[in-house]
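The analysis underlying the following values was restricted to heavy atoms, covering all of them including side chains, and did not include hydrogens, waters or symmetry mates. Convention: sequence-line order gives letters A, B, ...; per-chain numbering from 1. Being a predicted model, the structure only gives us computed values, none of them experimental.
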Amino acid sequence: MEPVRPEFVPDPSLSQAEMEALQREIAEAARFENDMEFSPAAIASVGDAPDDDQTTLSPSTDDQADAPLVAGVDQAFVDDKAVSAIVVLQNGEVIERVSAVKVTEIPYIPGLLSFREGGAILSAFAELDHEPDVVLVDGSGRIHFREAGLATHIGVTMDVPAVGVAKSLLCGTPEQSLEETYPDGVRIPIAADDSVETCPDGTGIGHAVQTRQYDSPNRYINPLIVSPGHRVSAATAADLVEATADGYKLPEPTRLADSYADEAKGSVE
DNA sequence: GCGACAG
DNA sequence: ATCTTGTCGC
């Protein structure tokens with residue numbers, strides 16, 4: 001799978017000002033509304049295993065063979081090399097895994113993550129045989145200073161529906177404090193504020209999503225920070241993460257890509 | 001100058 | 001992201 005918009009491929013040799021200018025172009029090309037090859041209504045079953053016990057009736061026109069392909073993307077690092085892994089699932093089962101290694105050209109700079117990790121990710125996409133219906137990327141999407149986080153950059157460049165799944169908030173203001181402990185299933189809207197320079201304050205740019213929480217005592221799990229990358233709305237992005245989460249904090253595609261990236265680290269010299 | 005910041 | 005032991009809880 002190759003970039004549909006080669007002009008947006010992240011170039012680590014650009015100046016910081018040029019990187020930021022490119023991000024503004026990417027944000028304009030990004031669509032933060034649903035435009036996928038499957039019905040958002042079908043996401044309810046995306047992460048579920050095949051319905052063996054027939055507790056529900058499935059339309060013959062929308063069976064397992066047509067089920068959407070959901071991919072997870074994650075990176076691991078070894079010295080100056082980035083290892084990117086992509087895992088593709090259908091009906092909750094892995095149908096493809098690929099990885100790629102690339103030397104990192106620049107350090108981690110908040111807001112410019114895609115220029116550090118994007119190259120390795122696109123190399124991994126080049127190895128991919130299946131075209132995912134939606135991709136879950138580790139990091140922010142629209143929740144970004146210029147609405148062009150890693151998930152947006154990858155989504156727009158490949159022109160594939162993408163969702164940003166981060167473990168902490170880069171910018172924006174949550175509707176309610178994220179310091180509280182919320183039960184699983186809770187979704188807290190995040191609005192643009194002064195730090196988001198490309199859209200009006202108050203614009204909904206994502207959600208904090210509690211995919212898991214401890215029942216009883218004094219320990220708690222932080223929510224995930226979910227935002228649209230490309231061709232997905234904020235609400236659908238959160239729906240997709242909830243639908244693919246399966247007992248763990250991270251959605252299954254992301255969790256599997258994470259461990260595969262770690263595993264692939266072993267074969268890096 | 002101070003604060004703040006995905007992975 | 002990565003470096004790492006123990007510890008709490010189901």
Side-chain angles (χ1 to χ4, degrees), chain A residues 10 12 16 19-20 23 26-27 30 72-86 99 101-122 124 135-155 162-174 178-179 181 183-184 190 192-198 205-209 212-230 234 237 241 247-251 254-255 257-266 268:
Chain A
Q16 185 154 328
M19 291 181 180
E20 294 177 1
Q23 290 183 326
I26 288 166
V73 185
D74 192 31
Q75 286 68 243
F77 298 82
V78 189
D79 299 323
D80 64 337
K81 298 181 189 65
V83 182
S84 181
I86 302 178
S99 67
V101 181
K102 212 148 191 279
V103 171
T104 54
E105 306 289 350
I106 61 173
Y108 164 66
I109 301 170
L112 299 177
L113 184 64
S114 60
F115 293 90
R116 171 175 167 80
E117 307 188 351
I121 295 174
L122 295 183
V135 178
L136 272 36
V137 181
D138 68 305
S140 274
R142 192 181 188 183
I143 295 179
H144 178 272
F145 310 127
R146 290 164 293 280
E147 297 178 274
L150 182 60
T152 304
H153 203 137
I154 297 303
V163 172
V165 181
K167 298 178 198 65
S168 59
L169 189 63
L170 173 62
C171 61
T173 303
L178 298 187
E179 300 310 296
T181 301
D184 95 51
I190 293 168
D193 55 25
D194 294 330
S195 67
V196 183
E197 42 199 43
T198 52
I205 53 177
H207 295 88
V209 179
R212 186 187 172 185
Q213 189 53 275
Y214 294 128
D215 307 299
S216 41
N218 40 349
R219 201 166 44 152
Y220 66 97
I221 296 174
N222 296 123
L224 287 175
I225 307 299
V226 181
S227 60
H230 183 46
V241 168
Y248 295 89
K249 171 174 176 172
L250 292 175
T254 302
R255 208 172 66 80
D258 183 271
S259 59
Y260 186 46
D262 264 329
E263 181 184 326
K265 256 197 325 189
V268 172

(request) For A:D74 and C:dT2, give me the distance from atom CG to atom C1', rounded to whole Å. (result) 13 Å

(request) Measure from the side chain of A:L150, starting at C-beta and using heavy atoms only, and say which of B:dG7, B:dA6, C:dC8 lies closest. (result) B:dA6

(request) To the nearest Å, give me how far apart CZ (A:F145) and P (B:dA6) are. (result) 7 Å

(message) With the six-membered base ring of C:dA1 as reference, does the ring of A:Y108 sit under 5.5 Å away with planes under 30° apart?
(response) no

(message) What is the separation between atom NE2 on A:H144 and atom P on B:dG7, rounded to the nearest whole Å?
(response) 13 Å

(message) Applying a 4.0 Å non-hydrogen cut-off, can you work out what A:L112 is touching in the nucleic acid: base, sugar-phosphate, or nothing?
(response) base

(request) Return the value, rounded to whole Å, for the distance between atom CG of A:D138 and atom C1' of B:dA6. (result) 9 Å

(request) Indicate, with a heavy-atom threshold strictly under 4.0 Å, whether A:K265 touches base, sugar-phosphate, or nothing. (result) sugar-phosphate

(message) Can you tell whether the side chains of A:D258 and A:R255 come within less than 4.0 Å, N to carboxylate O?
(response) no

(message) Could you go through A:T104 and A:D80, starting from their C-alpha distance and side-chain angles, then the distance that decides it, and tell me whether this counts as side-chain hydrogen bond (donor to acceptor under 3.5 Å, both in side chains)?
(response) CA-CA 6 Å; A:T104 54; A:D80 64 337; 5.9 Å; no

(request) Ignoring hydrogens and angles, tell me if any N or O in the side chain of A:S227 forms a donor-acceptor pair with the backbone of A:G141 under 3.5 Å. (result) yes

(message) Given C:dT2, B:dC5, B:dG7, identify the nucleotide with an atom nearest to the side chain of A:A76.
(response) C:dT2

Side-chain atoms of residues 105-114 of chain A: list all donor-acceptor pairs with protein atoms under 3.5 Å, sequence neighbours left out, distances to 0.1 Å.
{"from": "A:S114", "atom 1": "OG", "to": "A:H153", "atom 2": "ND1", "distance (Å)": "2.8"}

(request) Ignoring backbone atoms, test whether A:S168 places a side-chain nitrogen or oxygen under 4.0 Å from the OP1 or OP2 oxygen of B:dG7. (result) yes

(message) Nearest whole Å is fine: how far is B:dG7 P from A:L169 CG?
(response) 10 Å

(message) Please report the distance, rounded to the nearest Å, between CG in A:L170 and P in B:dA4.
(response) 14 Å

(message) So does A:E117 get a backbone contact from the side chain of A:Q75, meaning a donor-acceptor N/O pair under 3.5 Å?
(response) no

(request) Figure out the CZ/P separation between A:R116 and B:dG7, and round it to whole Å. (result) 13 Å

(request) Round to the nearest Å and state the distance from A:R146 atom CZ to B:dC5 atom P. (result) 16 Å

